[in-house]
Each structure stands twice: as structure tokens, then as C-alpha cells.
Amino acid sequence: MSNALNPAQQSAVEHVEGPLLVLAGAGSGKTRVVTHRIARLIDLGILPSDILAVTFTNKAADEMRTRIRTLKNVQALACTFHSLGARILRESIHELGYKNDFTIYDEEDSEKLLKGCLNQLQLSEEKGILKQIRHQISSAKNDLVGPEEVKDDPLFAQVYPLYQNKLKECNALDFDDLLYLTVRLFKESERARNEYQNRWLFVLIDEYQDTNLAQYTIAKTLVDRHKNIFAVGDPDQSIYSWRGARYQNILNFESDFPGAKVVTLDQNYRSTNCILQAANALICHNANRYDKKLWSALGEGSKIGAYVGQNEREEAEFVAHKIFKHVADDHISLNEIAVFYRTNAQSRTFEDALLSRRIAYSIIGGLSFYQRKEIKDILSFLKMIVSNTDLISFLRTIHIPKRGLGAATIEKIVEAAQGSPIFSFCEELASRGEMNGVKLGNRQREGLKDYIHVVRSLRNKRPGLNLHELISEVVSETRYLSYLQEDPESFQDRKENVDELIGKAAEWEEEQMAPSLNHFLEELSLRTNQENREQGPSIKLMTLHNSKGLEFKLVFLVGLEEDLFPHVNSKDDPQAIEEERRLCYVGMTRAKRHLYLCSTIYRYMWGSARMMRPSRFLKEIPTQYLQSLSSSSLRKVEVEEEPHAEGFMPGDEVVHKEFGTGVIQKAYQGSFGLTYEVLFPHSGTTRTLAAKYAKLQSP
DNA sequence: GCGTGTGGGGTTTTT
DNA sequence: CCCCACACGC
């Protein structure tokens, strides 16, 4: 990209007061505009602390913070809506009758709590009902419907308030509460409203098309006084409607904020025209859409490769093969390569194919480090150190290690506690042996005493220890490693993760001005996604949802088959199909130079092979942008190459015992006979190997 | 009453 | 493939 801003970008950057909407098409230099504008505000003498930037993901927030620091050497507040909510509620939630030292429950925790509610109401354990109600509660909160407002659905009207009460008894909030309760706070407390309306005088909302009603209301309330809202987004990239997002929010911006200035960025600086026009053509199939056409000055570029494999195995082989080719021929770094899929489950085959060729990869998203069992176990102990009320953490830790307290006993204890702080109740129960009608046997009483002893001992040690020492203490006090050894299969992995947690805690302490256990726990609760610790170049595997905001020179979009992408759950809903199409659009527009669209004829899904049909999205892309690469035509090429089997040719893939898979760069007669120059992409090294010594094999 | 083993069922996307 | 419910044996 040239250094100068284009006129549209310039006018967005120069805007100072009042509402501004930037309709930023994919690759149109949005990030540049955002950071330049913040820099400009600071140059105008506006204090960094007057500026708030709200992003959609932690990663985006981190990045923005870094950019601002690099550009202006100042700290500005950049966070997600959820962490903004946590910050506000931490200060002010007492005005809603909650306690300020609440803990935050993740998906798994809140699901467990909800399950308790369903049991209590003696609701039949119908499959899927749990998930369904969980989703219903989440939607209600995102739509700002409170537990007391449900009328039409008798079952839900029972469960939702019970769940909300239990959360409160646990002194816990779920993710959606971070938004929902923030809005309630703003509605119910004039003081709080005033306080936060005056705290940030310039507010930036990124990915505005993905805001749900709760987030939208928070944003609107925060700027209600000064109207200095700077919203950035692209309706064509709205992909979170299942989380309550309303892309209409971006279309209504001008009526919500009269006098708003609107800037459209439609020059794409990222992709070549084949890729961009194909994506344009695809998104034009959405009926429900504001027309906008991106253009690029980067030339035609190479065509999009359309590959059809026999099955997912072949698809993955194709991808790995092409990665080799591009690394060798175009000198693309592994960091510039990504594979996008619709569902996390698809990553497996690609991992296998890359692993066997020793191509370094990292998975973005997926099961996060902090969602692993061993990490959650330790964190739950930490939560018990600070909380008497956290029922879910109690249930998680009570049998680590086994203490002779079984499900029946626990259930009785919880029932007898009647919503009072669970740990305090246990302390009393253990010392008296009998409370509210529960009487413990000797073994159980000893077990409970032991548990209480562990928690108390950790609480006593806490003041003298810093965070990572405290975590080590949790591990030793609970004999956690011997507990892990009960499953020898996973022991090594889990132990490494525990060590890593201690390491991360130590690292985190270094960075913080005033590290505290509570702060640490809060931050971890909100970091649900895997952070990619860079260790050498690697190709990135991720879901399409995770790909938003990123760009790569070489992109593979895989699994383009009906019922997978678009997903089967969307097939009967035209709105949902349009969202799938936007998702495809997002994926395609991540590619700078090379794009492949892959699909298979058969795919193994839950146990059996299924015949797949090509995704409708493939047919919606004009053939002029595509180059067909079916598996049969590739096989023919390989067969033709067979006569050269005794020697390899430049471009051939080979396997070396020690160095793994490589690509032949040159073949020539050297002093030891036939000699090859081979590039080994996983290490990035090129080696000269004599054919008669280095027994190179075909992959 | 407790803990372990097994079998069956369910799997979109994320803060 | 992973999680949970259920049943069985201690």
C-alpha cells in the first residue's frame, strides 16, 4: 500500500467530533484509518484516557493497543465488549444488588449450573434440551429480556429465573451477564450512567455490524451525551447473527445518530482482481444487501484453484502438496499461509497431513488452553481461595484428589446448603457433623475435613506468596500431579500444561503493575481463545469465523460442500444461508495472492462415509475466475512423471529420513554423481544431497 | 453408599 | 471422538 491515505481514508481520519460511520470493505485499510485517527486525536491534545476502543476479539484489542503504543507511545483502553462490561461491573455492580468480587463463569461452568437447575425442577433429561435452553437464555440476555419478563413459555419462565438466582448465589456472572447487567446498570442507576458517559469522550466501535442489542445499547448509552462515536464495519462481513448480532445496526446508523458522517472505503489494497471479483460475484447473490463493489489496483493475479478430492484425506494431501509447491516456487513463508474450515472437527485431517510432512502448523481457536481440564481444575482451586460461594468450582475441586465423597453425598450437601455460601456451609458441616438434616458418615466427614484443610491452608499461605508460587502451592498441596498420574495416557501432556500455566502466571506478573489473583482470574475467564505463541513460522489452521480481520498470501478454503458449508443447520433458512455466504466472502477476501477452494466427493462424518455435493457457493463464482484441479487430472500428471522415477526433478516432493519432507530445487551431476539441492520447508533450510548417499524417497 | 467401567448418544461458528 | 448416564461390583 502506498504511504499516503486515499481521499476517503483521509476524510475519516480527519473527522473529530460527532458520529462517524466508516463502511470499510474487506482489505480497504480499515486498521490504518482507525489507528491514524486515534493518533490524530492524541495529536490534537485529547488525552489517551479519554479514548475507548471496543473490539470484537481479544486479539483485535491486543493488536490495537500495540499499534497505538507503537505510534504514539501512549496507553489507550482497547478491549472487547465483554471485558468492558467486566470492568464497569467490577466497579459498580453493587448498585444492582450484586457483590463486586463476582467470578465469571465460562460456557462449561454455566452449563453445569443450568443442569443443576434442570435437575432441581425434575425436568426430563431429554437430549439437547440443555443446549437449547442454554441458547435461549443467552439470546434472551443479548436481546435484553430479563428473567422476570418471560411470559409466553412456561418452562422457560421457570428455568431462566432459577438459573439467574443460582448464578447470584454463586456470586458469579455468565458471559452474557457482562453485557446484559451492564445495560441494566445503565438503565437503573443514573449515577453509573453519568459516570461512564463522562469517562470516555471518544468511543470507537469496531466490527459494528456484529453488535447485538445489548452491545449496541451499551455503545449508544456511552456516547449519548457527546455523540462522539466512531463506528467501523462492513455489513457484508456480518457473521455472528447466531450470537444475536444485528447487522441492521450498521444500516440504521444514520437514523440512530442524526447528522452522522458516513465514509465508504471501497478500494481494496489486499487482493488481486481474480480473487476480489470472484468474492464480489459471490456476495452479490445475497438479496438482502447494500450494494457495494470493491475494486483493486493490484492487477489480475492468478486464478482461483478449484479442487475436488475423493475424500477428506485426499483434500488434505492436496493442500499439503500445494503448500510445498508455493513455498518452493513463490517463496511464501509459512506464516503467510492459512487453511480455513467451517467446523473445528475438520482440522484433524489437515493436522495429520501436515504432521506427516513435518510442516509446522498452529491451530488458531479450538479448545483453548484455559478450557483444558487440568487448567480449569487448578483455576477452580484458585477460585476457592478467594470465594466461599462458588458452587461450580466447589463441585469441580471437591474430589481432587478422591476423598470418599461421592455424588450422592455431594448432592445432599448442596441441597442442605440451600443456596447459602457453599464453602462456609461445608466448614460448619464438617465441624458439627450434622447440619440442616444432612449427617455425614465418618469417612465422608474426614474427606470433607481434608478438603477444607487444603483450601484453608492455601488461603493462609496466599499473603506470603506471589501468584505463580501460589499456583505451585495449589499443585503440591492437592497432590495434583499424582492425581493426574491416574491417567498415564495423558499425564505427560497435562503436566506440561500445568507447568505452562505456572510459567504464564509468572510472565503475567512481570507485565502487571499491580498483579492480583482476582485480576488474573478475570483476565483468564475472558481469554477463551488460544493465543498463538509464536515459535518459528507455521501455517495457520482455523475456522472461517476466526479468520475475520486477518490476511494471508495463500489461502485454502476447504470443505465447500452442501450441508457442511453452507452448514446443514442453515439449509432451510434463507437468512442463515445469506450469513453462510457472507462467511464464505470473508474467507475468500482474506487471500492476497493465491486462493484455493476445495471440496470432496465423499466425506467421513460421524463414522460413515457420506456422499457430498459441491457447495452452491462454488457455482455462484463465475468460471472465468476459476481453474479446475480435480484429483483425477492430478493423478494423470503424476503417472506421466513416473518414468523419471529413478531421478527426481525440480519441484518434486521427497522424504529424507532425518530432515523430513522437502522439495527438489535443482538436480545436477556433481562430483559424487547425481546431486540434489533440496529445500526443507519446516526448517527453511536448503541442503545439497548426493543421491547415492541420501536415500531420498517419494512421499 | 461409592467408585469405576462401559456403552450410547451427540458435535457450527465465539466472548 | 468425548462426555455423560447408568449399571455393576466393592
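The chains referred to below are lettered A, B, ... by the order of the sequence lines, with proteins before strands, and numbering in each begins at 1.
The side chain of A:Gln444 approaches B:dG1 more closely than any other nucleotide in the set B:dT11, C:dC1, B:dG1. For A:Asn546, taking side-chain heavy atoms from C-beta onward, the closest of the listed nucleotides B:dT11, B:dT12, B:dT14 is B:dT14. For A:Thr543, the listed nucleotide lying nearest its side chain is B:dT13; candidates were B:dT12, B:dT15, B:dT13. In the set B:dT12, B:dG1, B:dT15, B:dT15 carries the atom at the smallest distance from any side-chain atom of A:His82.
Using a 4.5 Å heavy-atom cutoff, the side chains of A:Lys141 and A:Tyr160 are in contact.
If you check the side chains of A:Ser525 and A:Glu522, you find no donor sitting under 3.5 Å from an acceptor. A side-chain N or O of A:Gln164 and one of A:Asp177 form a donor-acceptor pair less than 3.5 Å apart.
Going from atom CD1 of A:Ile364 over to atom P of B:dT14 covers 12 Å, rounded to whole Å. Atom-to-atom, CZ of A:Arg582 to P of B:dT13 comes out at 18 Å; the value is rounded to the nearest Å. We find that NZ of A:Lys131 is positioned 11 Å from C1' of C:dC4, with the value rounded to whole Å. Atom CD of A:Gln346 is separated from atom P of B:dT13 by 9 Å (rounded to the nearest Å). Here B:dT15 presents its P atom at 19 Å from CG of A:Leu89, a figure rounded to the nearest Å. As a whole-Å value, the separation of A:Leu395 CG from C:dC4 P is 13 Å. In this structure, A:Asp62 places its CG atom 14 Å from C1' of B:dT15, rounding to the nearest Å. Put simply, CD1 on A:Ile413 is 13 Å from P on B:dG1, counting in whole angstrom units.
Aromatic pair A:Phe350/A:Phe556: ring centres not closer than 6.0 Å.
One finds no side-chain N or O of A:Asn344 lying less than 4.0 angstrom from the OP1 or OP2 phosphate oxygen of B:dT12. Contact annotation: A:Ser570 does not reach the phosphate of B:dT12 (side-chain N/O to OP1 or OP2, under 4.0 Å). One finds a side-chain N or O of A:Lys115 lying less than 4.0 angstrom from the OP1 or OP2 phosphate oxygen of C:dA5. Here A:Lys373 does not reach the OP1 or OP2 of C:dC2: none of its side-chain N or O atoms lies under 4.0 Å away.
The aromatic rings of A:Tyr480 and A:Tyr483 sit tilted relative to each other, their planes meeting at an angle between 30° and 60°.
No salt bridge links A:Lys112 with A:Asp109; every basic N to acidic carboxylate O contact stays at or beyond 4.0 Å.
Projected onto DNA chain B by closest heavy-atom contact, A:Ile410 and A:Glu579 fall at different nucleotides, the more 5' of which corresponds to A:Ile410. Nearest-nucleotide assignment on DNA chain B puts the 5′-proximal partner with A:Arg443, out of A:His545 and A:Arg443.
Using a 4.0 Å heavy-atom distance criterion, A:Leu583 is classed as making no nucleic acid contact. Residue-level contact check: A:Tyr240 touches the backbone only, with heavy atoms under 4.0 Å from sugar-phosphate atoms and none from bases. Across all strands shown, A:Glu107 has heavy atoms under 4.0 Å from base atoms, whether or not it also approaches the sugar-phosphate.
The side-chain ring of A:Trp242 is stacked on the base of B:dT13, judged by centre separation under 5.5 angstrom and plane angle under 30 degrees. Stacking of the aromatic ring of A:His567 onto the base of B:dT12 is found: the ring centres lie under 5.5 Å apart and the planes are inclined by under 30°.
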